[in-house]
Amino acid sequence: MQLSKHIEALIFAADTPIKREEIRSVLETHLETTISAADLEAAYAELLSKYSSDDFVFEIVEIADGFKFLSKGAYHGTIGTYLKQNAKKKLSQAALETLSIIAYKQPVSKSEVEQIRGVNCDYAVQKLLEKELIAIAGRSESAGRPLLYATSSKFMDYFGIKNIKELPKPKDIKEASSEIGA
């Protein structure tokens, strides 16, 4: 059956991290059989081990509650140079600030983000929605029932985190030092 090869093909074909449940569902449907959790775990372990070898410039990483192929750290510089040379518009400072507020306060309304930032954030929210870094997470119970925003799985994929709990805690973020020689 070569279960690991089927899983490898799914991870390769998926444009976002593919979750264990999705892998199992696809395989059981396609192979018309029930697959044990132990067999799946053994196949995952085989693939993770295979791609940890120095023979490959990429690896399978568990990210955003799923699996995805990513380049290894030794090649990030080369890839970074390529991406900088071919980059489209990056996130503006306003979009980054808006995104960070949404990430830490989610689910949050646009008016709450505007209160924190002190400026209108219609454009930033729209751009973040277009880039699929945030998503509408429902409506608030407050007056007017404003939309609530939260980060998406693409956000976690973009920033390379497994889940939202991996965001740095505000106390862990060091402020830029204004001292000379620091």
Side-chain angles (χ1 to χ4, degrees), residues 3-27 29-30 37 40-41 43-53 56-110 113 121 123-138 147-170 172-173:
L3 195 56
S4 64
K5 294 216 180 269
H6 287 277
I7 294 170
E8 182 177 20
L10 287 172
I11 295 169
F12 177 77
D15 50 348
T16 59
I18 185 167
K19 298 182 182 332
R20 291 170 187 263
E21 308 83 54
E22 191 174 4
I23 291 170
R24 179 182 222 145
S25 172
V26 168
L27 293 178
T29 300
H30 176 71
L40 283 171
E41 289 307 316
Y44 296 140
E46 178 185 333
L47 286 170
L48 291 171
S49 174
K50 172 183 175 180
Y51 285 102
S52 69
S53 158
F56 297 94
V57 298
F58 49 87
E59 60 191 334
I60 294 177
V61 177
E62 220 175 326
I63 189 168
D65 294 325
F67 294 98
K68 183 172 180 155
F69 277 108
L70 294 177
S71 58
K72 291 183 179 173
Y75 307 99
H76 288 179
T78 304
I79 294 166
T81 301
Y82 168 76
L83 293 174
K84 283 179 188 171
Q85 290 176 354
N86 295 305
K88 294 181 182 171
K89 292 183 180 178
K90 295 182 181 179
L91 291 176
S92 66
Q93 185 66 31
L96 282 172
E97 289 172 8
T98 301
L99 183 59
S100 64
I101 292 167
I102 292 169
Y104 281 98
K105 299 284 188 180
Q106 64 185 308
V108 63
S109 69
K110 188 168 60 71
V113 174
C121 64
Y123 183 77
V125 168
Q126 187 59 41
K127 285 298 171 193
L128 293 170
L129 284 168
E130 286 174 13
K131 292 181 183 290
E132 299 176 6
L133 293 172
I134 63 170
I136 296 170
L147 293 173
L148 296 174
Y149 298 96
T151 56
S152 65
S153 59
K154 190 170 182 178
F155 165 85
M156 291 183 278
D157 183 32
Y158 184 83
F159 287 98
I161 59 175
K162 209 185 259 192
N163 58 48
I164 209 68
K165 292 176 186 154
E166 287 189 358
L167 281 175
K169 306 290 180 253
D172 296 337
I173 301 171

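Just so it is clear, the structure is predicted and the values come from calculations on it, not from any experiment.
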Working to the nearest 0.5 Å, report the span between [atom1] of [X] and [atom2] of [Y].
{"X": "Ile18", "Y": "Ile60", "atom1": "CD1", "atom2": "CD1", "result": "11.0 Å"}
{"X": "Thr151", "Y": "Leu167", "atom1": "OG1", "atom2": "CG", "result": "7.5 Å"}
{"X": "Arg24", "Y": "Leu10", "atom1": "CZ", "atom2": "CG", "result": "14.0 Å"}
{"X": "Ser53", "Y": "Glu59", "atom1": "OG", "atom2": "CD", "result": "11.5 Å"}
{"X": "Lys110", "Y": "Leu148", "atom1": "NZ", "atom2": "CG", "result": "12.5 Å"}

Any idea which heavy atoms bring [X] and [Y] closest together, and the distance?
{"X": "Glu62", "Y": "Lys162", "result": "O-CE, 3.5 Å"}
{"X": "Lys68", "Y": "Asp15", "result": "NZ-O, 3.7 Å"}
{"X": "Ala137", "Y": "Ala150", "result": "CB-CB, 3.8 Å"}
{"X": "Leu147", "Y": "Ile136", "result": "CD2-CG2, 3.8 Å"}
{"X": "Val113", "Y": "Cys121", "result": "CG1-SG, 3.8 Å"}

Does the pair Leu91 and Leu133 meet the rule for a side chain to side chain contact (heavy atoms under 4.5 Å, CB included), with working shown? CA-CA 11 Å; Leu91 291 176; Leu133 293 172; 3.8 Å; yes
Quick one: does any side-chain atom of [X] pair with a main-chain N or O of [Y] as donor and acceptor, under 3.5 Å?
{"X": "Thr81", "Y": "Gly77", "result": "yes"}
{"X": "Gln106", "Y": "Ala103", "result": "yes"}
{"X": "Ser152", "Y": "Ala135", "result": "no"}

Worked verdict on Lys131 versus Tyr158 for side chain to side chain contact (heavy atoms under 4.5 Å, CB included): CA-CA 11 Å; Lys131 292 181 183 290; Tyr158 184 83; over 6 Å; no
Are the charged groups of Glu46 and Lys5 less than 4.0 angstrom apart, N to O? no
Under the side-chain hydrogen bond (donor to acceptor under 3.5 Å, both in side chains) test, which residues partner Lys127, sequence neighbours left out? Glu130
Verify the neighbour count for atom CZ of Phe56: are there more than 12 heavy atoms of other residues, nucleotides or ligands below 6.0 Å? yes
Might you confirm whether atom NZ of Lys50 has over 12 heavy atoms from other residues, nucleotides or ligands at distances under 6.0 Å?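 Yes, enclosed.
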Residue pair Leu40, Ile7: steps toward the side chain to side chain contact (heavy atoms under 4.5 Å, CB included) verdict: CA-CA 9 Å; Leu40 283 171; Ile7 294 170; 4.0 Å; yes
Which of parallel (below 30°), tilted (30 to 60°) and perpendicular (above 60°) describes Phe69 and Phe12? perpendicular
So do Met156 and Ile161 actually touch side chain to side chain, heavy atoms under 4.5 Å?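 Ile161 reaches Met156 side chain to side chain.
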Give the intermediate values and the outcome of side chain to side chain contact (heavy atoms under 4.5 Å, CB included) for residues Phe155 and Ile164. CA-CA 9 Å; Phe155 165 85; Ile164 209 68; 3.8 Å; yes
